[in-house]
Amino acid sequence: MGAALTLDLTADAPDVARAMIGWTLLVDGVGGPVVETEAYRQDDPASHAYPGRTPRNAVMFGPPGRFYVYLSYGIHWCVNVVCGPEEVGSAVLIRALEPVHGIQTMRERRGREPLRELTSGPGRVGQALGAGPWLNGGVVHLAPPDRDREVVATVRIGITKAVDRPWRFLDPASPYVSRRARTAA
DNA sequence: CTATAGATAATCT
DNA sequence: GATTATCTATAGG
């Protein structure tokens, strides 16, 4: 079957996160198909929106289809797409994508790294796309997938709360996903 | 290959 | 002052 032609950003965050796999994300012509996402909802202790509206997460409570960009650990700009039923404060974190458009630009921004490590991780994606405060609140541009992709759900990574929720979605066939899922045997 | 710690700045208590 | 939706470098097998 052909891939979906529309993406309902007003759906529940986990549904949007799963549906977004395979869609091509472009920032100023640079980007590629999304292969790894994570969902964050307001009723989710791990979400930035959980404590309520603050200056940083204000965009999450705005209309869907906008970028929510924040600085992580003082060095990494992480890119999210605001989604959710209404303005409830949910978003999808872009954890990895396949470098297809503007590879040269991404390499220059990240400094000659192997293609495989260009965009395999939230901080890397942010740096490769040239994300920053100026992108926060901007309109997201997504192009439909060329073909179907397998999608699996796993637990999220790098969080300390609500670790059990299987809201990380990825394409297991793509070599560009971040692989740090092995913690237990 | 795995494991551990350091970097580094905004946000929150 | 503590915490964080991370990455990289370094040490060890």
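The sequence lines fix the lettering, A, B, ..., with proteins before strands; numbering per chain opens at 1.
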(request) Report the distance from atom CG of A:Leu129 to atom CD1 of A:Ile94, rounding to the nearest 0.5 Å. (result) 9.0 Å
Return all side-chain donor-acceptor pairs below 3.5 angstrom for residues 19-37 of chain A, not counting sequence neighbours, or 'none' if the list is empty.
| from | atom 1 | to | atom 2 | distance (Å) |
| --- | --- | --- | --- | --- |
| A:Trp23 | NE1 | A:Ala19 | O | 3.3 |
| A:Glu36 | OE1 | A:Ser178 | N | 2.8 |
| A:Glu36 | OE1 | A:Ser178 | OG | 3.1 |
| A:Glu36 | OE2 | A:Arg95 | NE | 2.9 |
| A:Glu36 | OE2 | A:Arg168 | NE | 2.8 |
| A:Glu36 | OE2 | A:Arg168 | NH2 | 2.7 |
| A:Glu36 | OE2 | A:Ser178 | OG | 2.9 |
| A:Thr37 | OG1 | A:Ala17 | O | 2.9 |

(request) Please report the shortest heavy-atom distance between A:Ala96 and A:Gly121, naming the atom on each side. (result) CB-N, 4.1 Å
(message) Rounded to the nearest 0.5 Å, what separates atom OG1 in A:Thr154 from atom CH2 in A:Trp167?
(response) 13.5 Å
(request) Take A:Ile159 and A:Glu113, find for each the nucleotide of DNA chain C with the closest heavy atom, and name the residue whose nucleotide sits nearer the 5' end. (result) A:Ile159
Might you list the N or O atoms of the protein lying below 3.5 Å from N or O atoms in nucleotides 5-8 of chain B, with each pair's distance?
| from | atom 1 | to | atom 2 | distance (Å) |
| --- | --- | --- | --- | --- |
| B:dT8 | O2 | A:Tyr73 | O | 2.4 |

(request) Quick one: the dot-bracket string of DNA chain B, using Watson-Crick and G-U wobble pairs with both distances under 3.5 Å, [ ] for crossing pairs and | for bases paired to another strand. (result) |||||||.||||.
(request) Write down the distance between CG (A:Asn136) and P (B:dT11), rounded to a whole number of angstrom. (result) 10 Å
(request) Evaluate the side-chain contact (heavy atoms from CB on, under 4.5 Å) criterion for residues A:Ile159 and A:Tyr40: first the C-alpha distance (whole Å), next the side-chain angles of each, then the deciding distance (0.1 Å), finally the verdict. (result) CA-CA 11 Å; A:Ile159 57 176; A:Tyr40 289 90; 3.6 Å; yes
(message) Can you measure A:Lys161 atom NZ to C:dA5 atom P for me and round it to whole angstrom units?
(response) 8 Å
(message) Distance check, rounded to the nearest 0.5 Å: A:Leu170 atom CG versus A:Glu150 atom CD?
(response) 9.5 Å
(request) With the side chain of A:Arg56 defined as its heavy atoms from C-beta on, choose the nearest nucleotide among C:dT4, B:dT11, C:dA5. (result) B:dT11
(request) Check the distance between C:dA5's P and A:Asn80's CG and give it to me in whole angstrom. (result) 11 Å
(request) Using a 4.0 Å heavy-atom cut-off across all strands, classify A:Arg95 as base, sugar-phosphate, or nothing. (result) sugar-phosphate
(message) Measure CH2/A:Trp77 against P/C:dC7 and give the value in whole Å, please.
(response) 15 Å
(message) Which heavy atom of A:Ala128 sits nearest to which heavy atom of A:Arg109, and what is that distance?
(response) O-NE, 2.9 Å
(request) Identify which one of A:Glu108, A:Met106, A:Arg107 satisfies the side chain to side chain contact (heavy atoms under 4.5 Å, CB included) criterion when paired with A:Gln104. (result) A:Glu108
(request) Measure the distance from CG on A:Asn57 to P on C:dA5 and round it to the nearest whole Å. (result) 13 Å
(request) Determine whether A:Asn136 and A:Tyr68 make a side-chain contact, defined as any pair of heavy atoms from C-beta on separated by less than 4.5 Å. (result) yes
(message) If I take atom CD1 in residue A:Ile157 and atom P in nucleotide C:dT4, what distance separates them, rounded to the nearest angstrom?
(response) 17 Å
(request) Say whether A:Arg124 and A:Ser120, considering side chains only, have a donor N or O and an acceptor N or O under 3.5 Å apart. (result) yes
(message) Quick one, A:Val163 and A:Arg156 - any side-chain contact, counting heavy atoms below 4.5 Å?
(response) no
(request) Enumerate the residues from residues 37-52 of chain A whose closest heavy atom to DNA chain B is under 4.0 Å, giving them by residue number; use none for an empty result. (result) none
(message) Quick check: do A:Thr119 and A:Arg110 have side-chain heavy atoms less than 4.5 Å from each other?
(response) no
(request) Could you grab the distance from atom OG1 of A:Thr54 to atom CE of A:Met60, nearest 0.5 Å is fine? (result) 9.5 Å
(request) Report yes if the side chains of A:Leu115 and A:Tyr176 come closer than 4.5 Å at any heavy-atom pair, otherwise no. (result) yes
(message) Any residue in residues 115-127 of chain A with a heavy atom nearer than 4.0 angstrom to DNA chain C? Just list them by number, or reply none.
(response) A:Gly121, A:Pro122, A:Gly123, A:Arg124
(request) Could you list by number each residue of residues 7-26 of chain A showing a heavy-atom separation from DNA chain B of less than 4.0 Å, or answer none if no residue does? (result) none
(message) Is there a side-chain contact between A:Arg110 and the phosphate of C:dC7, meaning an N or O under 4.0 Å from OP1 or OP2?
(response) no
(message) Can you tell me how far apart NE2 (A:His76) and OH (A:Tyr70) are? Round to the nearest 0.5 Å.
(response) 10.5 Å
(message) Rounded to the nearest 0.5 Å, what separates atom CH2 in A:Trp134 from atom CH2 in A:Trp77?
(response) 7.0 Å
